[in-house]
Amino acid sequence: QKEVEQNSGPLSVPEGAIASLNCTYSDRGSQSFFWYRQYSGKSPELIMFIYSNGDKEDGRFTAQLNKASQYVSLLIRDSQPSDSATYLCAVKGAGSYQLTFGKGTKLSVIP
Amino acid sequence: DAGVIQSPRHEVTEMGQEVTLRCKPISGHDYLFWYRQTMMRGLELLIYFNNNVPIDDSGMPEDRFSAKMPNASFSTLKIQPSEPRDSAVYFCASREQGGQPQHFGDGTRLSIL
């Protein structure tokens, strides 16, 4: 069974610091990787996706992918209290149209 | 553009009753997904459709659950009879062809008493 693992947290960081969120996956054939942010009581919202090994940057967010290690991470620079949310890692396998989600990491940015 | 629209937003009903959740995907999206989210199990895929046809329903927990997509703009998820352990937030999501990410609706918070 395909699995996506995340540390449930909570991860607490001070305002302005870098938050580092990590995710590992079991299916070596996985091809696409997504990070969703979910505020309490709200729906998941896509913030980043990455397909190739290496880094992808979008504003304060950087997604990092290492397929050999089956590891994907999300860095949030200059963390703000508004970044406090649960971050879900999702993985799409080869030839599949469905996503497998991790249970999420709860991030708390302390002012 | 309107996003994925789900109704109702909240549903409270008694055990044994039939529950019907509704979803309108984003216009032009070929794929529709139904998820269930609980604290214990996280976000789980129940079923997904492509061009109104169910493709994978292996996540549907029991025969009490059924889903239909009679046309490209409407889908239902039905639970009959409902049980307290069905209490969860149910999300609908849709996406286009070609590897695009999924977009989620606001969800239905279901409580079975």
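Labels below follow one simple rule: chain letters A, B, ... track the order of the sequence lines, proteins then strands, and each chain is numbered from 1.
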Could you tell me if the side chain of A:P44 sits less than 4.5 Å from the side chain of B:Y35, heavy atoms only? no
Would you check if A:L99 and B:Q102 make a side-chain contact, meaning some heavy-atom pair closer than 4.5 Å? yes
In terms of heavy-atom proximity below 4.5 Å to chain A, should B:M40 be classed as side chain, backbone, both, or neither? backbone
Is any side-chain heavy atom of B:D106 less than 4.5 Å from a side-chain heavy atom of A:K42? no
Please check if the number of heavy atoms outside A:K106 that lie under 6.0 Å from its NZ is greater than 12. no
Joint hydrophobic cluster, B:Y31 plus B:I5, side-chain heavy atoms closer than 4.5 Å: no
Can you give me the closest heavy-atom contact between A:S43 and B:G105, atom names plus distance? CB-O, 2.9 Å
Could you state whether A:L74 and A:Y25 fall into the same hydrophobic cluster, counting links through intermediate Ile, Leu, Val, Met, Phe, Trp or Tyr residues with side-chain heavy atoms under 4.5 angstrom apart? yes
Examine A:L21 and A:F49 and state if one hydrophobic cluster contains both, with Ile, Leu, Val, Met, Phe, Trp and Tyr joined whenever side-chain heavy atoms are less than 4.5 Å apart. no
Tell me, for B:R41 versus chain A, whether the close heavy atoms (under 4.5 Å) come from the side chain, the backbone, both or neither. backbone
Should B:F49 and B:F74 be counted in the same cluster of Ile, Leu, Val, Met, Phe, Trp and Tyr side chains packed under 4.5 Å apart? no
Got a sec: does the CG of B:D63 have more than 12 other heavy atoms crowding it under 6.0 Å? no
Atom NZ in A:K103, atom OG1 in B:T38: separation rounded to 0.5 Å? 8.0 Å
Part of B:F104 within contact of chain A (heavy atom distance under 4.5 Å): both
Hydrophobic cluster membership, B:F33 vs B:L77, 4.5 Å side-chain cutoff: no
Find the distance between CG (B:L43) and OG1 (A:T100) and round it off to the nearest 0.5 Å. 10.5 Å
Assess whether side-chain contact (heavy atoms from CB on, under 4.5 Å) is satisfied between A:Q98 and B:D56, documenting all intermediate values. CA-CA 9 Å; A:Q98 60 192 67; B:D56 186 347; 3.1 Å; yes
Pair B:Q37-A:Q38, side-chain contact (heavy atoms from CB on, under 4.5 Å): steps then yes or no: CA-CA 12 Å; B:Q37 188 174 38; A:Q38 187 174 26; 2.9 Å; yes
For B:N50, is it the side chain, the backbone, both or neither that has a heavy atom under 4.5 Å from a heavy atom of chain A? neither
Quick check: are there more than 12 heavy atoms from other residues, nucleotides or ligands sitting under 6.0 Å from CD of B:E14? no
